[in-house]
K.L.:
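Handing you this structure, nothing more for now.
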Amino acid sequence: MNHESSPAGPANGGLSCADARLQASAWLDGEWPSSDPLREHLAACEGCRAAVDGMRALSARLAPLRFDAPARDLWPGIAAAVSRRRDPASRGEGSSRRPLVLRAAAALVGCAATLGLLTALEGRDRRAGGGGTQAERTHWPAALHDDGGGAYSLRADFEGQLLALLARENGGRQEDGSKER
Amino acid sequence: MEPQEQDDDLIARLQAGDLGALESCYRLHGARIHGLCRRMLGRDHAEDAVQEVFVKVIERAAGFRGGSRLSTWLHQVAVNHCLKRLERERLRRTLEIPASAACRDGEERLRAVDDREQIERALSGLAPEQRAVIVLRELQGLDYAEIAAVLEIPVGTVMSRLFRARTRLLEQERMRTEGPRALGALPT
Ligand SMILES: [Zn+2]
């Protein structure tokens with residue numbers, strides 16, 4: 001809309017071009033009455049008439065985008081997603097209630113093994129005269145944290161995480177019950 | 001059954017966690033919600049978004065207070081989901097536009113497809129908040145009161161935001177068509 005604007009005045013319905021265009025936009029949507037000031041402004045102002053034509057043409061150009069159904073039925077995916085969230089056991093990851101304790105134990109064993117591996121690697125590094133850059137050495141624990149997820153973040157937070165896992169096992173039933181309604 | 005009664009029945013069943021009610025809801029409103037997600041997020045993200053929206057619908061039905069139509073509330077859940085996703089993934093730049101398959105067609109059809117792509121591109125170039133009002137008004141056909149309810153903003157803000165979004169779209173189009181001339185370049 002490059003059309004020049006004018007301030008409000010008696011010759012243009014007492015409306016500024018900015019107000020006239022704002023009102024015309026809502027009028028095109030059937031959300032603003034076709035008032036005398038607006039009619040008078042549009043009759044007197046070529047710029048605003050062109051602006052209204054532009055907005056009208058824009059609506060017509062947007063119309064073909066209105067109907068856009070998905071190419072396939074999305075319901076099976078939605079139903080499966082709801083079921084997975086309601087019953088974590090159906091994820092097929094062995095994440096049902098009882099095995100959670102076993103998973104915690106497995107995490108403990110996994111961490112112990114990883115710690116052993118890390119210690120061995122660090123020992124090898126030391127024996128090899130500190131092979132690898134400082135960045136590589138400090139990256140190891142970070143990488144383990146990223147790949148293994150929360151349960152494998154080592155040392156200081158491991159014990160806390162294990163306790164949290166066990167607390168979730170104890171408190172989980174109540175929490176899920178309220179969600180399930 | 002009257003639309004309001006149908007809404008009330010569906011909402012009550014959704015609140016009870018009835019998966020059948022969610023399916024009815026999807027069959028009734030899924031295509032429109034897909035259209036909304038498609039225009040807000042782009043084709044590649046639309047189907048995932050629809051799935052996530054309907055999961056939220058059944059999980060959040062208990063929080064639906066009534067006072068608006070079910071379709072309005074569904075739009076609210078969907079728009080909020082899209083805006084959050086846009087914020088998270090910073091998909092604010094121009095979305096991928098499907099390549100035109102119209103090269104075999106006649107000149108007129110080619111122009112129509114080209115125009116559709118142009119307007120899609122212009123729409124995807126709007127800021128998410130402006131895109132949302134245009135999509136809700138021009139594509140979903142909601143009135144100002146419904147848009148105000150969906151976006152939780154006053155009706156006056158709907159009016160001004162919509163006007164600004166239209167102005168922006170028209171400016172973009174003008175830049176596209178008149179840009180080279182404005183820069184003094186010869187048309188090719
Ligand atoms: Zn004017």
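Note on naming: letters A, B, ... go to the chains in the order of the sequence lines (proteins, then strands), and numbering restarts at 1 for each one.
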K.L.:
Would you mind checking which part of B:Ile134 comes under 4.5 Å of any heavy atom in chain A, side chain (CB onward), backbone (N, CA, C, O), both or neither?
P.N.:
side chain

K.L.:
Between B:Arg164 and chain A, which part of the residue has a heavy atom less than 4.5 Å away: side chain, backbone, both or neither?
P.N.:
neither

K.L.:
Check whether A:Leu58 gets within reach of chain B through its side chain, its backbone, both or neither, counting any heavy atom under 4.5 Å.
P.N.:
side chain

K.L.:
For B:Tyr26 and A:Asp73, indicate whether the former's side chain and the latter's backbone hold a donor-acceptor pair under 3.5 Å.
P.N.:
no

K.L.:
So A:Pro70 and B:Val50, do their side chains get closer than 4.5 Å, heavy atoms only?
P.N.:
no

K.L.:
Specify which of A:Ala71, A:Ala69, A:Ala81 makes the most heavy-atom pairs with chain B at under 4.5 Å.
P.N.:
A:Ala69

K.L.:
If the condition is salt bridge (charged side-chain N to carboxylate O under 4.0 Å, His left out), which residues does B:Glu47 pass it with, not counting sequence neighbours?
P.N.:
A:Arg72

K.L.:
Go through the atoms of B:Leu123 and report whether side chain, backbone, both or neither lie under 4.5 Å from a heavy atom of chain A.
P.N.:
side chain

K.L.:
Between B:Phe54 and A:Leu74, is any pair of side-chain heavy atoms under 4.5 Å apart?
P.N.:
no

K.L.:
Would you give the length of the straight line joining atom CZ of A:Arg66 to atom CG of B:Leu139, rounded to the nearest 0.5 angstrom?
P.N.:
7.0 Å

K.L.:
Taking side chain as C-beta onward, heavy atoms only, is B:Met159 less than 4.5 Å from A:Glu31?
P.N.:
no

K.L.:
To the nearest 0.5 angstrom, please state how far the CZ atom of A:Arg85 sits from the CD1 atom of B:Ile58.
P.N.:
11.5 Å

K.L.:
About how many Å separate CG of A:Leu65 and CD1 of B:Ile119, when rounded to the nearest 0.5 Å?
P.N.:
7.0 Å

K.L.:
Provide the full list of salt bridge (Lys or Arg N to Asp or Glu O under 4.0 Å) pairs with a residue in residues 132-156 of chain B, sequence neighbours left out, each pair given once.
P.N.:
A:Asp29-B:Arg137, B:Glu138-B:Arg166

K.L.:
Are any of the side-chain heavy atoms of B:Glu23 and A:Val82 separated by less than 4.5 Å?
P.N.:
no

K.L.:
Roughly how far apart are B:Phe163 CZ and A:Gln23 CD, rounded to 0.5 Å?
P.N.:
10.5 Å

K.L.:
Could you tell me which portion of B:Glu52 (side chain, backbone, both or neither) has an atom closer than 4.5 angstrom to a non-hydrogen atom of chain A?
P.N.:
neither

K.L.:
Rounded to the nearest 0.5 Å, how far does CG of A:Asp68 lie from CZ of B:Arg39?
P.N.:
4.5 Å

K.L.:
Could you give the distance from CZ (A:Arg21) to OG1 (B:Thr167), rounded to the nearest 0.5 Å?
P.N.:
8.5 Å

K.L.:
Apply side chain to side chain contact (heavy atoms under 4.5 Å, CB included) to residues A:Arg61 and B:Arg116 and explain how you reach the verdict.
P.N.:
CA-CA 7 Å; A:Arg61 291 184 64 203; B:Arg116 185 187 162 114; over 6 Å; no

K.L.:
Below 4.5 Å from any heavy atom of chain A, which atoms of B:Leu169 appear? Answer side chain, backbone, both or neither.
P.N.:
side chain

